[in-house]
Amino acid sequence: MSGLLRFKQTVKDAVSKLPGGEWLVKQRFAKFGAVGFAGTVVNIGVLHLSNKFVYQGIGSATLRENLALLTGIFIATLHNFLWNRAWTWGDRKVQGRASIFVQFLQYCMSCSLAIALQILFTNILKQSMLLELANFVAIVLSAVLNYLINHAWTFRARK
């Protein structure tokens with residue numbers, strides 16, 4: 001068994017031991033959500049570290065913060081793609097570097113659409129509810145759509 005397969009099995013075994021973990025291992029959408037949550041932690045962590053340390057020499061706070069934000073988003077997107085590819089849709093592989101690159105671009109396009117939909121849904125829903133609640137509902141709606149797009153397009157079953 002390769003190192004990656006051993007690592008995957010170790011993660012799967014560890015998650016299975018958590019309360020509700022056996023269910024999580026079997027549920028693709030729950031895996032997608034868990035990866036998204038972990039990606040949020042990565043995003044915020046990279047944002048903080050980039051802002052405080054990596055880009056600290058940049059005098060303009062706005063430029064420094066925006067570079068840190070872009071870095072956090074990119075690293076989190078890459079993190080989420082790799083984990084979704086290995087765990088969420090690990091049974092649906094593509095072969096070759098070009099295919100993985102195309103799949104990553106599809107994933108980025110799907111995420112961009114989800115972000116745009118989240119903004120749209122939040123702005124529509126905030127007219128009839130609190131902004132935070134509108135944003136939460138928009139996140140759920142766009143996450144479901146993002147999952148469906150990735151399931152049917154980015155990580156579709158291939159012959």
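What's counted below: heavy atoms across the whole structure, side chains too, no hydrogens, waters or symmetry copies.
Asn43 CG to Leu47 CG: the interatomic distance, rounded to the nearest 0.5 Å, is 6.5 Å. Rounding to the nearest 0.5 Å places CD of Gln106 at 5.0 Å from OG1 of Thr154. Distance check, rounded to the nearest 0.5 Å: CG of Leu125 to CG of Leu141 gives 7.0 Å. Remark: Arg64 CZ to Leu69 CG distance equals 13.5 Å, nearest 0.5 Å. Interatomic distance, Ile73 CD1 to Cys108 SG, rounded to the nearest 0.5 Å: 11.5 Å. The distance from the NE2 atom of His151 to the CD1 atom of Ile149 is 13.0 Å, given to the nearest 0.5 Å.
In this structure, Phe37 and Val41 have side chains that are in contact, with non-hydrogen atoms separated by less than 4.5 Å. Inter-residue side-chain proximity for Ile58 and Leu67 is flagged as met; some heavy-atom pair is nearer than 4.5 Å. Under the 4.5 Å side-chain criterion, counting only non-hydrogen atoms from C-beta, Trp89 is in contact with Asn150.
When each of Ile75, Leu78, Thr77 is tested with Val42 by the rule side-chain contact (heavy atoms from CB on, under 4.5 Å), just one qualifies, namely Ile75. When each of Phe32, Trp153, Phe155 is paired with Tyr147, the ring pair (Phe, Tyr, Trp, His ring centres under 6.0 Å) condition holds for Phe32 and for no other. Test Val102, Asn80, Asn146 against Tyr107 for side-chain contact (heavy atoms from CB on, under 4.5 Å) and you get one pass: Asn80.
Looking at every heavy atom in both residues, Ala76 comes nearest to Gly39 through CB-O, 3.4 Å. A pairwise comparison of heavy atoms in Gln56 and Lys52 identifies OE1-O, 3.0 Å as the closest pair. Taking every heavy atom of both residues into account, Glu65 and Asn51 meet most closely at CG-OD1, 3.7 Å. Across every non-hydrogen atom of Trp87 and Ala34, the tightest pair is CZ3-CB, 4.0 Å.
By the rule that hydrophobic residues join a cluster once side-chain heavy atoms approach within less than 4.5 Å of another member, Phe74 and Val46 end up as members of one cluster. Note: the hydrophobic cluster containing Leu113 does not contain Phe81 (ILVMFWY, side chain heavy atoms under 4.5 Å, direct or indirect links). Follow the hydrophobic side-chain contacts under 4.5 Å out from Ile139 and you never reach Val137; the two are in separate clusters. Hydrophobic cluster membership differs between Leu105 and Leu70, with clusters built from Ile, Leu, Val, Met, Phe, Trp and Tyr side chains linked at under 4.5 angstrom. A continuous path of ILVMFWY side-chain contacts below 4.5 Å connects Leu145 to Met109, so both sit in one hydrophobic cluster.
Within 6.0 Å of CZ in Phe29 there are more than 12 heavy atoms belonging to other residues, nucleotides or ligands.
At least one donor-acceptor pair closer than 3.5 Å links the side chain of Asn66 to the backbone N or O of Thr62. A donor-acceptor pair under 3.5 Å is absent between the side-chain atoms of Gln118 and the main chain of Ala138, judged by distance alone. The main-chain N or O of Val94 is found under 3.5 Å from a side-chain atom of Arg85 such that the two form a donor-acceptor pair. The backbone N or O of Ile119 sits less than 3.5 Å from a side-chain atom of Asn123, completing a donor-acceptor pair.
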